Student: 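Sharing a structure, written as C-alpha cells. Questions coming.
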Amino acid sequence: MSTTEAARIYPAPVWKQLDSAIKESVLKSTPIDIEFQFTGPDGRSKWIKQRGIANHVIEGKEFAASVTIRGTIEDISAMKSVTQGFQHETKNLLNLIDALPFCISYLDTNFRYQFINQTYVKWFGFEKSDAIGMEISSVIGVEAFEKVRGYIDRAFAGEYVSYEALVPYFGNAARHIAAELYPDFGEHGVLGCYAFIRDISDQKRIEEQLKTNEERWKLALEASGDGVWDWYPQTGIEILSPRLKEIYGYDDKEILDLSEELDRRTHPDDLAQMYADRQAHFDGKTPIYINEHRVQCKDGRWKWILTRGTVIQRNEQGKPVRVIGTHTDISERKHAESALKESEERLRMTLSASRQGLYDVNVQTGAAVVNQEYAQMLGYKHTDLCESHQAWIERMHPDDVPVATKAYNDYIQGRTSAYRVEFRQKTASGDWRWILSVGAIVERDEHGQPLRMLGTHLDIDERKNAESVIWQQAHIDTLTGLPNRRMFYDRLEQDIKKSKRNGRMLAILFIDLDHFKEVNDTLGHSVGDTLLIEAAKRLLGCVRESDTVARLGGDEFTIALPGQHNPEHAEQIAQAVIDKMTKPFQLGEEEIFLSASIGISLYPDDADNLDDLLRHADQAMYAAKNSGRNRFHYFTPSMQTASLARLRLGNDLRTALSENQLSVHFQPIISLETGQIHKAEALVRWRHPQRGFISPLEFIPIAESSGLIVEIGDIVFREAARCTAKWRQRFHAQKDFQISVNQSPVEFQRDTSRYVSWVDYLHELALPGQAISVEITEGLLLDASTKVTDKLLQFRDAGIQVALDDFGTGYSSLSYLKKFDIDYLKIDQSFIRNMTPGSSDCALAEAIIVMAHKLGLKVIAEGVETELQRDLLKNAGCDYGQGYLFSRPVPPDEFELLLARDN
C-alpha cells in the first residue's frame with residue numbers, strides 16, 4: 001500500500017501519528033508501536049495496536065524512494081477498556097485519600113516518605129513531589145521525630161501500633177494526635193508502614209473543659225448537700241462522691257465505687273419502681289431519671305432519697321455508657337408529708353362524717369382531687385366528676401364568678417390572709433346550689449409560690465334559702481310584695497346619697513287610702529287585703545323602674561322618686577295615683593270606691609335627711625286629708641309648726657297624767673218618760689296650766705296615737721266606778737244608777753288582763769257589772785279578730801252592758817247587732833240636730849228606735865238641745881235623752897247636786 005493510499009484509509013490524526021512513527025523507525029531503526037482509536041465502516045469505535053518495522057533505503061540524509069513496513073495490527077479494545085477503568089478507579093481512590101481530614105502516609109524502613117495525602121501537605125506545607133523521598137525528620141522536625149520514633153520502630157518490627165501523644169511538630173504549634181501504624185510486609189520482612197494520624201487537639205480541649213466543668217458541678221452539688229454519683233453501666237463501676245457516702249453514714253473508704261453497693265442498700269419494696277424509672281430513662285421515655293426510695297444507712301436507719309440522673313454517653317448500639325446524677329436526702333420532707341397525709345386523712349374522715357366536700361387543688365395546673373361527698377353534693381357520681389379550677393368556674397353562677405374569682409386570686413397572690421367565699425354551683429340536674437368554700441395553701445415551692453391548696457365545700461343551700469326567707473320577711477311586705485318600711489328606708493338613704501352627688505331633686509310621696517278602714521271593717525280583712533294588693537299594683541303602674549314603691553303598714557304607702565329635674569314630675573305622679581285610685585275596685589261581686597290623700601316633700605328643699613323628709617311628707621298627707629281627701633298637698637313650714645304643736649301637746653299630756661291634771665266630768669242621761677236622771681256618761685276633761693281647758697277633740701287623737709289613751713281610759717273607769725258606788729249608796733232612788741265610759745279602738749287592741757282588773761275593781765267596790773256601761777263604735781263590731789269578740793264576751797260574763805255609740809254614721813249591719821250582746825243604741829247627734837216634724841232626720845230617728853226595740857235594745861238620743869227635739873223623740877218612743885237641754889258635762893260635785901234634785 002502506498003503512502004497515498006494509507007493516508008486515505010487512516011483518519012488524519014491517526015495517519016499523522018503513524019507517519020511520525022514510521023519516520024522515527026526509519027531514522028532510528030526502532031520498531032513501530034502505536035495505539036489509536038479507529039471507527040470502522042460499521043460505525044463502531046475500536047482501539048487498535050499497530051506494531052512493525054520499516055525496511056528502508058537512505059540515500060545520504062534523505063529517505064529512499066520506497067519504504068517497506070512489516071508488522072501486525074491488533075484489536076485491543078477489550079484490554080483498553082479494562083486499563084482505563086483501573087486508571088479511573090485509582091484516580092478516584094487517590095482523590096478520596098486526599099479528601100480525608102487526617103494524614104495518610106507511607107514510610108519505608110529508611111524513614112523516608114514514599115506517599116503522603118493532601119492533608120499532610122496542609123499540615124506541613126510540603127508539596128507531594130517534594131516530600132516523596134525525604135526523611136521524616138526533615139518534614140516534621142527532629143523533636144517531633146524523636147517523640148514518635150519509638151512507635152515507628154515498633155511498627156517496623158511488625159507490630160500494629162495505636163497511640164495518642166502531644167507532638168511538637170516543626171513549624172507548627174504542638175498537636176494532640178491519635179495515630180495508627182500498620183506494618184507493610186514483603187517476602188523478606190517489613191518493607192515499611194502506613195501511618196494514619198488524626199488531630200485530636202480540639203477534642204482534648206473539650207475533654208479537659210468537660211472534666212473541669214464536671215469538677216465544678218460536682219463541687220457545687222456537694223456544697224448544696226447533694227451526693228453525686230458517676231455510673232458506667234457497662235462495667236458496673238459507679239463513682240460515689242464523699243457527700244453521697246456521708247448521707248449513708250460511711251467514710252470515704254468504707255464503701256466501694258460499685259453500683260451494687262447502692263442497690264443492695266435500697267429498700268426491697270422500692271427496688272422494682274426504682275428499676276422501672278431508671279429503665280424508662282434508658283429507653284428514652286423520660287427526659288430524666290428520677291425516683292424516690294428508701295436506703296439503709298450504716299447504723300441501720302432508713303432514709304428517704306431523691307435520686308436524679310441522666311445518660312450523657314451511649315455506645316453504637318444506644319446502650320448507656322455513662323450516667324451521672326445526684327442523691328438528695330428528703331427524709332425530713334417525707335416525714336412532714338407523712339404527718340400531713342395522716343392529718344389530711346383525719347380531716348377527710350372528719351369531713352366525711354360531717355358531710356363536707358373536700359378538694360385538693362394543684363395551684364399551678366388547676367387540677368383537683370375531690371372526695372365522694374363533694375361529688376354527691378353536686379349530684380354526680382364520684383367517678384364521673386373530673387374536677388379542676390376551670391370546671392369549677394364553668395359550673396359557677398355567672399353573677400358569682402367575679403366575686404369568687406377575686407376572692408381566690410386575692411388569697412393565692414397574698415393580698416388576703418384567708419380564703420372564704422360563697423357562690424352558687426350548678427348541679428348535675430341543672431339546679432343551683434349555694435356552696436361555702438374555705439381553703440388554705442398547704443404547700444409552697446422554694447420561692448414561696450403556692451403549689452397546693454386544700455379546702456372544703458359546705459352545702460349552705462338550706463341556710464341561704466332560710467336567709468332569703470328571713471331577708472324577704474325583714475325587707476318585703478308579705479301581703480303586697482312591695483318593699484317594707486326597713487327596705488324603703490335603706491333605698492331612700494341611697495337615693496339621698498345619689499342626689500347629693502348628682503345635685504338632682506328627690507321627691508317623697510306619702511299616700512294614705514281614704515275610707516279604707518270603713519271598707520275593711522265592713523267587708524272584712526280578707527277583702528281589705530285583696531284591696532291593698534290591687535292598690536299596690538296600681539301604684540307600681542304609675543312609676544318608673546328606678547322609683548321605689550313601699551308599704552309602710554296598714555293602708556299607708558310611700559313612693560320615692562329620685563333623680564328629678566322638675567318638681568312638676570312629682571305632681572304628675574301624684575295625680576296619676578289619685579286618678580288610678582278613684583277608679584272602682586272590682587273585688588268579686590263587690591265594687592268598691594276609694595280615693596287617696598297624698599303628701600309630697602322634696603329633697604333638699606324641705607329636708608336634707610330621711611327622717612325629716614318622711615315626717616314632712618306625712619304632715620302634708622294629713623293636710624290633704626283635712627282639706628277634703630282625694631288630693632295631694634305639698635309640705636309647707638306651717639305644717640311643721642302644727643306638727644310641733646301636736647308634739648308639745650303630747651308631751652304636755654304625759655305631764656298632765658303624772659300631775660293629775662285630768663278630771664272626769666259627767667253628763668246626765670235622762671229617762672224621756674219620767675224626766676229623771678237614770679244614767680250618766682263619763683267624759684275626760686283637761687285643764688292645761690297655761691292654755692286652760694283643751695278640747696277632747698284636740699288631745700284624744702294624740703292620746704290614741706301615743707298609747708296614752710289606755711292610761712286615760714283606766715282613770716276614767718276607776719273614777720266612774722267610784723262615783724257610781726258613792727251615788728248608788730247615797731241616793732236610794734239611784735240604786736240602779738249606771739255610768740257609761742267610752743272605749744277607744746286602740747284600747748281594744750290591748751291584752752284582756754286589763755278588763756279582768758276592771759272586774760276585780762267592781763268587786764272591790766261591791767258593784768255589780770250592770771253599774772258600768774261601755775260605749776264602743778260601730779267599727780269595732782266589724783273587726784273579725786278574736787280580740788274584740790273575747791273582750792265583749794268578758795263584758796257580758798261580768799254583767800257590764802255595752803252601748804253602740806254614734807249609731808247611723810258608720811257601715812254597721814243589722815246582723816252584727818244580732819250577733820253581739822248590745823244593750824243600747826245611741827243615735828248620733830247629727831240626726832237629732834235637724835229634727836223637725838215630718839223631716840227625713842225625724843223619720844230616720846223613728847226608724848232606728850223601732851228597729852232597736854224590735855231587737856230588744858234601748859235607745860239613747862245624743863245632742864238633745866231643744867224641747868221640740870225632746871218631745872219628738874219621746875213621741876217616737878225613744879228611751880233616753882242626752883244633751884245640753886238637760887245639762888252640759890259637769891264635775892262630780894255639781895253632778896251630785898243634779899242627782900239630789902231628782903231625789
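Treat the numbers as computed from the prediction; the structure is a model and nothing was measured.
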Student: For Asp618 and Arg615, what are the C-alpha separation, side-chain angles and deciding distance, and is it a salt bridge (charged side-chain N to carboxylate O under 4.0 Å, His left out)?
Tutor: CA-CA 5 Å; Asp618 185 29; Arg615 185 171 62 254; over 6 Å; no
Student: Within a strict 4.5 Å, meaning less than it, do heavy atoms of the Arg870 and Phe886 side chains meet?
Tutor: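 Result yes, sub-4.5 Å side-chain heavy-atom pair found.
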Student: Quickly, which of Gln882, Glu681, Glu862 forms a side-chain hydrogen bond (donor to acceptor under 3.5 Å, both in side chains) with Gln667? Name it, please.
Tutor: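 With Gln667 as partner, Gln882, Glu681, Glu862 yield a single side-chain hydrogen bond (donor to acceptor under 3.5 Å, both in side chains), made by Gln882.
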Student: Which atoms form the tightest heavy-atom contact between Arg544 and Leu561, and what is the distance?
Tutor: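 Scanning both residues completely, I find the closest heavy atoms to be NH2-C, 4.2 Å.
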Student: Classify the ring geometry of Phe635 against His616: parallel below 30°, tilted from 30° to 60°, perpendicular beyond 60°.
Tutor: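 Rings of Phe635 and His616: parallel, as their planes differ by under 30°.
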Student: Below 4.5 Å, heavy atoms only, C-beta onward: do Glu711 and Arg654 meet side chain to side chain?
Tutor: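 In short, these two side chains do not touch, never coming nearer than 4.5 Å.
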Student: Tell me whether Arg685 contacts the main-chain N or O of His665 through its side chain, where contact means a donor paired with an acceptor under 3.5 Å.
Tutor: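 Side chain of Arg685 to backbone of His665, a donor-acceptor pair under 3.5 Å: no, none is there.
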Student: Donor-acceptor pair, distance only, cut-off 3.5 Å: does the side chain of Gln738 make one with the backbone of Gln770?
Tutor: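 Looks like yes, one N/O pair under 3.5 Å.
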Student: Quick one: does NZ or CZ of Lys791 land under 6.0 Å from the six-membered ring centre of Tyr755, within 45 degrees of the ring axis?
Tutor: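 Relative to the ring axis of Tyr755, which defines the angle, Lys791 lies outside at least one limit.
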Student: Taking atom CD of Glu894 as the centre, report whether more than 12 heavy atoms of other residues, nucleotides or ligands fall under 6.0 Å from it.
Tutor: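 Count over threshold, so yes.
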Student: Any carboxylate oxygen within less than 4.0 angstrom of a Lys/Arg side-chain nitrogen, looking at Glu764 and Arg718?
Tutor: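 No salt bridge links Glu764 with Arg718.
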Student: Consider only side-chain N and O atoms of Asp490 and Gln494, and report whether a donor and an acceptor are under 3.5 Å apart.
Tutor: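 Their side chains do not contain a donor-acceptor pair, so the 3.5 Å distance test is not met.
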Student: We want to know whether Ser601 and Asp606 form a side-chain donor-acceptor pair, criterion being a heavy-atom distance below 3.5 angstrom.
Tutor: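 No, Asp606 and Ser601 have no side-chain donor paired with an acceptor closer than 3.5 Å.
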Student: Do Asp714 and Trp758 come close enough that some side-chain heavy atom pair is under 4.5 Å?
Tutor: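 In contact.
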Student: Has Lys625 got more than 12 heavy atoms of other residues, nucleotides or ligands less than 6.0 Å from its NZ?
Tutor: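 Above 12, so yes.
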Student: For a side chain to side chain donor-acceptor pair (under 3.5 Å) check, start with the C-alpha distance between Ser597 and Asp512, then their side-chain angles and the critical distance, and finish with the verdict.
Tutor: CA-CA 5 Å; Ser597 297; Asp512 186 86; 5.9 Å; no
Student: Under 3.5 Å, is there a donor-acceptor pair between the side chain of Arg728 and the main chain of Phe737?
Tutor: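 Yes; judged by distance alone, with no hydrogens or angles, the pair exists.
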Student: Give a yes or no on this: more than 12 heavy atoms of other residues, nucleotides or ligands lie within 6.0 Å of atom OH of Tyr489.
Tutor: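 More than 12 heavy atoms, drawn from other residues, nucleotides or ligands, come within 6.0 Å of this atom.
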